[in-house]
Structures are given as structure tokens and as C-alpha cells.
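Numbering of residues begins at 1 and proceeds along the displayed sequence. Keep in mind that what you see is a predicted model, and the values were worked out from it rather than measured.
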Amino acid sequence: MIIREVNKNDIEAIGTIYEKAFGYSEGFMKYCKRFGEYVNFCVKQNYAFVIENEIEICGVVLGYEKPDLFNGRNVYIELLAVLPEYQCKGYGKALVAAIEKEAIDNGIKEVALRTACYIDAFHIYNHWGFKDTRNDQRYMVRRIKEDEK
């Protein structure tokens with residue numbers, strides 16, 4: 001598998017991953033008229049990566065830098081999605097590692113994301129070291145340790 005930065009030719013594949021990973025019906029993306037802008041915003045922030053194998057793009061992570069009241073700034077993961085047939089194989093974790101490496105390179109030591117406590121992703125992120133910092137079991141933060149990268 002290879003992790004690389006997102007480029008403009010990836011937008012359709014990212015839309016397909018989004019549909020399949022979150023259980024939307026095929027064609028759902030036609031209703032997301034500004035999806036390309038959404039992806040390009042993260043690309044401009046340098047926090048947009050895909051993971052691919054020899055066959056296809058299998059997953060995507062999109063994020064952006066944002067100010068943080070306590071830590072100055074962090075990287076917010078807006079989207080992490082992996083095609084269902086590649087889930088539970090380390091692809092998502094590898095994508096998070098890529099975004100964390102970019103964050104470290106930019107002097108950022110924390111990543112954050114939101115998810116619902118009633119879905120499997122909450123438990124996966126918790127296992128990866130993300131902690132619920134606001135007691136709402138949705139906003140999760142992980143301090144980055146440089147020696148892990």
C-alpha cells in the first residue's frame with residue numbers, strides 16, 4: 001500500500017469511498033455539489049492523503065489546521081474513510097499516522113476529530129489513543145508523540 005497526497009484527479013474516487021464507507025447509496029455524491037471545494041480546502045492545508053494498493057484508492061483522510069484555546073492549534077480530521085473491504089486491515093491507522101506526521105512537521109502536537117459514541121469508530125479511535133476530552137463522547141483528541149512517527 002502507498003500513502004500519497006490527494007490530487008484533483010482523486011475527487012471522484014474519494015466521493016465513492018465516502019458513499020461506501022458510510023453506507024450511502026450509490027449516486028449520493030451528486031447531491032453534494034461542493035464536495036470538490038471541501039476536498040480542495042483540505043488539500044490547500046496540506047492535510048489530505050489517500051491510501052492505495054495496486055488496484056484502487058482504498059481510503060482517505062482529510063483534515064485542516066485550526067486554532068485551539070488550550071494548545072494554540074491542532075489538526076482537525078474532518079473525514080477518515082476506508083472502503084469496507086479494506087477496513088480492519090490497518091489502512092485507517094496508517095492514514096491517521098500520515099496526517100500526524102504532517103502535523104509534527106508543522107509544529108503541531110495534537111489531532112482531533114468528532115464521532116458518535118454509538119458507532120464502532122468511537123471505540124476504534126479510543127483504542128488508537130484518542131480521548132474524549134469534552135465528556136460528550138464525540139469530540140476526541142490525541143496528543144502526538146514524535147517517537148511514534
> In Å, rounded to the nearest 0.5 Å, how long is the span from SG of C32 to CD of E19?
8.0 Å
> Assess whether atom CD of E5 is packed by more than 12 heavy atoms of other residues, nucleotides or ligands within 6.0 Å.
no
> For side chain to side chain contact (heavy atoms under 4.5 Å, CB included), just list the numbers for F49 and V60, CA-CA rounded to whole Å, side-chain angles, deciding distance to a tenth of an Å, and then say yes or no.
CA-CA 6 Å; F49 300 94; V60 59; over 6 Å; no
> What residues, two or more places apart in sequence or in another chain, satisfy side chain to side chain contact (heavy atoms under 4.5 Å, CB included) together with F22?
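If we apply the side chain to side chain contact (heavy atoms under 4.5 Å, CB included) test to F22, skipping adjacent residues, the hits are Y18, Y24, L79, A81.
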> Quick one: closest heavy-atom pair of A21 and V82, and the distance?
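Looking at all heavy atoms of both residues, the shortest contact is CB-O, 3.4 Å.
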> So, using side chain to side chain contact (heavy atoms under 4.5 Å, CB included) as the criterion, who are the partners of E110 when residues are at least two apart?
D68, N71, N74, V141, R143
> Find the distance between CZ (F130) and CD1 (I77) and round it off to the nearest 0.5 Å.
4.5 Å
> Which residues pass the salt bridge (charged side-chain N to carboxylate O under 4.0 Å, His left out) test with E54, not counting sequence neighbours?
none
> OH of Y125 to NZ of K131: how many Å apart, nearest 0.5 Å?
15.0 Å
> Could you tell me which residues satisfy salt bridge (charged side-chain N to carboxylate O under 4.0 Å, His left out) with E102, sequence neighbours excluded, listed by chain and number?
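For E102, no residue satisfies salt bridge (charged side-chain N to carboxylate O under 4.0 Å, His left out) once neighbours in sequence are set aside.
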> Any donor-acceptor pair under 3.5 Å linking the side-chain atoms of Y76 with those of Q45?
no
> Can you check whether Y38 reaches E78 side chain to side chain, under 4.5 Å on heavy atoms?
yes
> Supply the atom-to-atom distance I14 CD1 to L62 CG, rounded to the nearest 0.5 angstrom.
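Output value for this atom pair is 5.5 Å.
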> Show the numbers, then the answer: is there a side chain to side chain contact (heavy atoms under 4.5 Å, CB included) between R4 and I57?
CA-CA 10 Å; R4 64 171 174 77; I57 295 174; 3.6 Å; yes
> Within this structure, what is the NZ-CG distance for the pair K93 and L80, rounded to the nearest 0.5 Å?
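Here the rounded value is 12.5 Å.
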> Measure across A103 and V75 and return the closest heavy-atom pair with its distance rounded to 0.1 Å.
CB-CG2, 3.8 Å
> Can a donor-acceptor pair be found, under 3.5 Å and without considering hydrogens, that links the side chain of N40 to the backbone of G36?
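Here the side-chain-to-backbone pair exists.
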> List the residues meeting salt bridge (charged side-chain N to carboxylate O under 4.0 Å, His left out) with R73, not counting sequence neighbours, and say none if there are none.
E65
> Counting C-beta onward and ignoring hydrogens, is there a side-chain heavy-atom pair between E56 and E85 closer than 4.5 Å?
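Counting from C-beta outward, E56 and E85 do come under 4.5 Å.
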> Could you state the interatomic distance from NZ (K109) to CD1 (I144), rounded to the nearest 0.5 Å?
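These two atoms lie 8.0 Å from each other.
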> Who pairs with I51 by side chain to side chain contact (heavy atoms under 4.5 Å, CB included), at least two apart in sequence or on another chain?
M1, I3, C58, Y91, A94, L95
> Going by distance alone, is a donor N or O of one side chain under 3.5 Å from an acceptor N or O of the other, for N106 and Y47?
yes
